[in-house]
Engineer: 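Here's a structure for you.
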2 protein chains.
Amino acid sequence: MIPDTPDHSTDPAPRRARGRPRKTADERDDGNRRQDLLRAAARLFRQQGFAATSTRDIAAAAGMRSGSPFYHFENKEALLAAVMLEGMQRATGRQAGAMHAAAAAAGQTLSARDCLRVLVRNHLEVLLGAESDFIPVMLYEWRSLSEVQRQAVNELRREYEAVWVPVLQALHDSGELQGDPSLARLMIFGALNWAVQWFEPGRRSSLDDLTEAALQLFLKEAA
Amino acid sequence: MIPDTPDHSTDPAPRRARGRPRKTADERDDGNRRQDLLRAAARLFRQQGFAATSTRDIAAAAGMRSGSPFYHFENKEALLAAVMLEGMQRATGRQAGAMHAAAAAAGQTLSARDCLRVLVRNHLEVLLGAESDFIPVMLYEWRSLSEVQRQAVNELRREYEAVWVPVLQALHDSGELQGDPSLARLMIFGALNWAVQWFEPGRRSSLDDLTEAALQLFLKEAA
DNA sequence: CCTACCGATCGGTAGG
DNA sequence: CCTACCGATCGGTAGG
């Protein structure tokens, strides 16, 4: 209602110590506050879109006043870029972890088909799992970024997608994937990324169901 | 610069007849102006997003003053809904036309595979062809709509997608499409709709290329 | 459909 | 990180 003015109606003793705890140099909760902002921004940007979300909304969701986000981020756009970069770093880390874990759990070398299964399953988790606002924001708020920031995000994105390339190539070589692998990759990402628009957690299909459906849809029998 | 104030600097004789031609009752160019607004809105909503586009931008793009869009539409949201409804009506009409034309051109009955080819090709045309801002706006500005308007758009969308259902079912029955046809439909639409994000007209792949790549990716050999 | 305008909100900042 | 604030812009309207 009165965004810029603190509401003291429930606070009859305005002068008592409240809110902000004193920070000791050791605590360095700066990182925490920044993370709080990032999380709040990711959630709101996803729900309402970048342009429809005010920096005041974000500040409030992180328990701050309207001017405070600009202590952590130069401007609103930098906040968006940080959300995207954070999301891509997490996704790339998760992806590498999932591939290593699967290879360790199996004998040693995974079939290309099993590799794709791991990649698809991880991608769906990143898109649709809990704590999953960052990547959808990156996917659907692309145009709100400046050219420079777009390039930075794009770099991480290429890194993420590069893992898929040899897997799809191997599947193409074995005849399990038909057609240009590069176009196939774009269409597979489309099929998965689109789930952001319709997937409802805990309703009918699980992420495992989606993974199997995707493999069935995209892959042929090995020749 | 001074959005609300007309710039008369290039207009030394303010009183002469200019701009708006007298409309006779027969001309009824109301429809034209409304269409101009819809076209301008579709283009801007697609390029910048709904929230980032001002009604002033749209008015200017249609050659009007800032208040005039509200003569044709109750508010900004109604303009968005109109763009989406117009887009869905065109798409459904095109789709029906394409199916009939293909059936007439062939002997009489199309194979399920050929049906899918026609549907995919038409969908890509609607998404990526010339004059193709309306459907991308519908796909990517979903959340900016109120619940009531969302339902109206959804109705037309179900109608459009209903044509695909028996085709995919037939392909599933023949073994050419593996897995739950309902999940397959969602993923196929995702794969195609995602092309809005990366397709560049006249660069490398044509819409025909994409159509064939899609069929190769999704379909198996007939059993 | 234009003119002239209003109230609300927004991104961002200076100073502490 | 808060307070207090500014200039700009925005959706929308009355009256013609």
Side-chain angles (χ1 to χ4, degrees), chain A residues 1-8 11 14-15 17-24 27-37 40-41 44-45 48-81 144 146, chain B residues 1-8 11 14-15 17-24 27-37 40-41 44-45 48-81 144 146:
Chain A
M1 313 279 182
I2 312 173
D4 265 23
T5 313
D7 181 1
H8 285 142
D11 185 2
R15 282 275 174 255
R18 58 190 270 278
R20 256 168 307 158
R22 288 256 156 279
K23 29 178 169 181
T24 70
E27 273 185 8
R28 284 206 316 107
D29 64 4
D30 261 24
N32 286 326
R33 303 306 286 143
R34 197 188 132 100
Q35 282 297 320
D36 291 344
L37 275 173
L44 290 170
F45 286 162
Q48 316 172 1
F50 173 74
T53 301
S54 71
T55 55
R56 282 166 168 81
D57 291 342
I58 298 168
M64 298 177 183
R65 306 279 180 205
S66 67
S68 303
F70 301 100
Y71 170 75
H72 295 278
F73 297 93
E74 197 184 345
N75 51 38
K76 192 187 174 189
E77 207 181 272
L79 187 44
L80 176 64
S144 302
S146 75
Chain B
M1 312 279 181
I2 311 172
D4 265 21
T5 312
D7 183 359
H8 287 143
D11 186 2
R15 282 275 175 254
R18 58 190 272 277
R20 257 169 307 157
R22 288 257 156 278
K23 29 180 169 179
T24 70
E27 272 184 11
R28 284 204 316 108
D29 64 3
D30 262 24
N32 285 326
R33 303 306 285 142
R34 196 187 133 100
Q35 282 297 319
D36 290 345
L37 275 172
L44 291 170
F45 287 161
Q48 316 172 1
F50 173 74
T53 301
S54 71
T55 54
R56 281 165 168 81
D57 291 342
I58 298 167
M64 298 177 184
R65 306 279 179 204
S66 66
S68 303
F70 300 100
Y71 170 76
H72 294 279
F73 297 93
E74 195 184 346
N75 52 37
K76 192 186 174 189
E77 206 180 273
L79 187 44
L80 176 64
S144 303
S146 75

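We name chains A, B, ... by the order of the sequence lines, and we start the count at 1 in each one.
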Engineer: Just jot down the side chain to side chain contact (heavy atoms under 4.5 Å, CB included) partners of B:Thr53, sequence neighbours excluded, or say none.
Structural biologist: B:Leu44, B:Phe45, B:Gln48, B:Asp57, B:Ile58
Engineer: Determine the stems involving DNA chain D; a stem requires 3 or more consecutive pairs of the Watson-Crick or G-U wobble kind, each with both distances below 3.5 Å, and the answer is none if no such run exists.
Structural biologist: C:1-16 with D:1-16
Engineer: With rounding to the nearest 0.5 Å, note down the distance linking CG in B:Asp36 to CE in B:Met64.
Structural biologist: 6.5 Å
Engineer: Quickly work out the B:Leu37 CG to D:dG11 P distance and round it to whole Å.
Structural biologist: 14 Å
Engineer: Roughly how many Å is it from CD in A:Glu74 to P in C:dT13, rounded to a whole number?
Structural biologist: 8 Å
Engineer: Checking all strands, does A:Ser54 fall into the base, sugar-phosphate, or nothing category for heavy-atom contacts under 4.0 angstrom?
Structural biologist: sugar-phosphate
Engineer: For B:Arg56 and D:dT13, what is the distance between atoms CZ and P respectively, to the nearest whole Å?
Structural biologist: 13 Å
Engineer: Would you compute the distance between atom CG of A:Leu80 and atom CZ of A:Phe73 and round it to the nearest 0.5 angstrom?
Structural biologist: 10.5 Å
Engineer: Work out which heavy atom in B:Pro69 is nearest to a heavy atom in B:Ala59; give both atom names and the distance.
Structural biologist: CG-CB, 3.6 Å
Engineer: Report the distance from atom CZ of A:Phe70 to atom P of C:dG15, rounded to the nearest whole Å.
Structural biologist: 18 Å
Engineer: Rounded to whole Å, how long is the line connecting atom OH of B:Tyr71 with atom C1' of D:dG16?
Structural biologist: 13 Å
Engineer: To check you understand the geometry: which heavy-atom pair defines the closest contact between B:Glu77 and B:Ser146, and what is its length?
Structural biologist: OE2-CB, 3.2 Å
Engineer: Rounded to the Å, how far apart are B:Phe50 CZ and D:dC10 P?
Structural biologist: 13 Å
Engineer: When the distance from NZ of A:Lys76 to P of C:dT13 is rounded to whole Å, what number comes out?
Structural biologist: 15 Å
Engineer: Identify, between A:Thr55 and B:Met64, the residue whose nearest nucleotide on DNA chain C lies closer to the 5' end.
Structural biologist: B:Met64
Engineer: Send over the distance from B:Arg65 CZ to D:dT13 C1', rounded to a whole Å.
Structural biologist: 18 Å
